[in-house]
Q: 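Take a look at this one; I'll ask things after.
These values consider heavy atoms only, across backbone and side chains, with no hydrogens, waters or symmetry-generated copies.
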Amino acid sequence: MKTLARLVLTLAACALSSGVVRAANVFPENERVARVMAETTCASCHGVHGHSISPTFPILAAQDAPYLQAQLHAFRDQTRGDPDALTYMWGMASQLSDAMIAAISTYYAAQAPSRPKTGNAELMARGKQIFEEGVSSQDVPACAACHGPQARGSDTTPRLAGQHADYLVRQALVFQSTLRAAPVMNAVVKGLSQDQMRAVAIYLESLSP
């Protein structure tokens, strides 16, 4: 448990200090094209201004730009290989330039966050405890160590607050199966049951983004 927790904290600190992917300066023309793309093509799945209705697709509004850039690069380069990435995003991102990826990411980061949803109180309380404290008996560190006390993320660590619970559970499962390769998350969720994942997701969905 201590080894995994130290790894999580170390990698989180490295991401914050190095700024692996930072929002680039976006030229006005790229900003205009990105806005049109987001409000037409992207909106068919991710909703107007990034507020998706279906939990199949993540809410992008107010997500950190560096995280969005990292994911769009991974989609374009086909290095993120979970089933949803392959089905929905490999083709969509295949023709995006670095400049357009930066512009789209900046657009979504600037959008107003979605409203949180309130779920089952018992599940929310259980999820809050796991998120803040982890589960020492299962070698699961606190999620807040990387995602922050309010789950708002930072830099390439994603904002989870206000995200669809069903989407979060699905991503936890693909991390657990290693279909989505991310060494820290693969290790973190390895010991979680699906019921525990659901509790954390319900809690996160209830947080104000």
Side-chain angles (χ1 to χ4, degrees), residues 1-2 4-9 11-12 15-16 43 45-64 67-68 71 82-84 88 108-180 182 184-209:
M1 174 65 182
K2 290 182 179 179
L4 178 56
R6 282 198 297 270
L7 174 63
V8 169
L9 290 171
L11 291 178
L16 289 172
C45 292
H46 293 286
V48 178
H49 305 305
H51 299 283
S52 67
I53 296 174
S54 169
T56 298
F57 308 105
I59 294 169
L60 302 182
Q63 183 60 268
D64 288 337
Y67 174 75
L68 292 174
Q71 298 311 302
D82 55 284
D84 284 351
Y88 299 111
Y108 280 120
Q111 302 309 303
S114 298
R115 293 181 179 180
K117 298 179 182 178
T118 302
N120 179 278
E122 184 178 347
L123 278 179
M124 287 168 57
R126 186 183 180 199
K128 182 176 188 291
Q129 183 175 11
I130 295 171
F131 180 82
E132 293 179 347
E133 302 175 15
V135 187
S136 59
S137 63
Q138 296 168 228
D139 200 27
V140 176
C143 312
C146 288
H147 293 281
Q150 298 301 316
R152 292 176 183 172
S154 180
D155 205 79
T156 54
T157 301
R159 175 187 295 258
L160 303 180
Q163 187 58 263
H164 295 300
D166 286 347
Y167 176 79
L168 292 173
V169 170
R170 191 166 68 257
Q171 292 307 302
L173 289 171
V174 296
F175 281 131
Q176 191 176 63
S177 68
T178 69
L179 286 172
R180 181 175 174 183
V184 172
M185 284 304 301
N186 297 150
V188 166
V189 301
K190 183 178 180 179
L192 283 176
S193 70
Q194 191 164 338
D195 286 344
Q196 289 171 319
M197 293 176 189
R198 170 64 58 181
V200 174
I202 292 294
Y203 168 67
L204 290 170
E205 190 178 45
S206 76
L207 294 179
S208 174

Q: Could you state the interatomic distance from CZ (R198) to CD (Q194), rounded to the nearest 0.5 Å?
A: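 Reported to 0.5 Å precision, the distance equals 7.5 Å.
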Q: I'd like to check Q71 versus L68 (side-chain heavy atoms, cut-off strictly below 4.5 Å). Are they in contact?
A: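 Q71 vs L68: side chains apart.
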Q: Working note: L160 + Q150, criterion side-chain contact (heavy atoms from CB on, under 4.5 Å); need CA distance, chi angles, decisive distance, verdict.
A: CA-CA 9 Å; L160 303 180; Q150 298 301 316; over 6 Å; no
Q: Ignoring hydrogens, what is the shortest heavy-atom contact between P83 and V174? Give both atom names and the distance.
A: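 Looks like CD-CG1, 4.4 Å.
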Q: Using side-chain heavy atoms (C-beta onward) and a distance below 4.5 Å, is D84 in contact with R180?
A: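 Answer no - side chains too far apart.
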Q: Do the side chains of M185 and T178 get nearer than 4.5 Å, heavy atoms only?
A: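 Not in contact.
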Q: Can you tell me how far OG of S206 sits from CG of L123, rounded to the nearest 0.5 angstrom?
A: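 The CG atom of L123 sits 11.0 Å away from the OG atom of S206.
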Q: Check A61 against A112 and note the closest heavy-atom contact, atom names and distance.
A: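 Closest heavy-atom pair between A61 and A112: CB-O, 3.4 Å.
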Q: Closer than 3.5 angstrom, by distance alone: can the side chain of D64 be matched with the main-chain N or O of Y67 as a donor-acceptor pair?
A: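 Checked: no pair found.
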Q: Rounded to the nearest 0.5 Å, how far apart are CG of D139 and NZ of K190?
A: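 That separation rounds to 9.0 Å.
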Q: Rounded at 0.5 Å granularity, tell me how far OG1 in T118 sits from CD1 in I202.
A: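 The distance works out to 10.5 Å.
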Q: Grab the two heavy atoms, one from L204 and one from A151, that are nearest each other, plus how far apart they are.
A: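 Smallest interatomic distance, heavy atoms only, reads CD2-CB, 3.5 Å.
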Q: With sequence neighbours excluded, give me every salt bridge (charged side-chain N to carboxylate O under 4.0 Å, His left out) pair touching residues 110-126.
A: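 Qualifying pairs: none.
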Q: Of all the heavy-atom pairs spanning H51 and S114, show the shortest one and how long it is.
A: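 Residues H51 and S114, closest heavy atoms: ND1-OG, 2.6 Å.
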Q: Under 3.5 Å, side chain of R170 to main-chain N/O of T56, donor-acceptor pair present?
A: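 Yes: the side chain of R170 pairs with the backbone of T56.
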Q: Look at the side chain of H147 and the backbone N and O of A161, then say whether any donor-acceptor pair between them is shorter than 3.5 Å.
A: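 Such a contact is absent between H147 side chain and A161 backbone.
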Q: Got a second to check how far C143's SG is from K128's NZ, nearest 0.5 Å?
A: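 Going from SG on C143 over to NZ on K128, the span is 12.5 Å.
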Q: Quick check against the 3.5 Å criterion: does Q176 have a side-chain atom that pairs as donor or acceptor with the backbone of L192?
A: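 Checked: pair present.
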Q: Report yes if the side chains of M197 and F175 come closer than 4.5 Å at any heavy-atom pair, otherwise no.
A: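 No - every pair of side-chain heavy atoms lies 4.5 Å or more apart.
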Q: For the residue pair L60 and S52, establish whether any side-chain heavy-atom pair is separated by less than 4.5 Å.
A: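 No. Closest side-chain heavy atoms not under 4.5 Å.
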Q: Out of curiosity, Q111 CD to Q63 CD, how far, rounded to the nearest 0.5 Å?
A: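 Rounded to the nearest 0.5 Å, the CD-CD separation comes to 13.0 Å.
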Q: For the pair Q163 (side chain) and I59 (backbone), establish whether a donor and an acceptor sit closer than 3.5 Å, ignoring hydrogens and angles.
A: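 Looks like yes, one N/O pair under 3.5 Å.
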Q: Kindly say whether A165 contributes a backbone atom to a donor-acceptor pair with the side chain of E205 at under 3.5 angstrom?
A: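 Checking the backbone N and O of A165 against the side chain of E205, a donor-acceptor pair under 3.5 Å is found.
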Q: Which of parallel (below 30°), tilted (30 to 60°) and perpendicular (above 60°) describes F57 and H46?
A: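 Geometry flag for H46 against F57: perpendicular rings.
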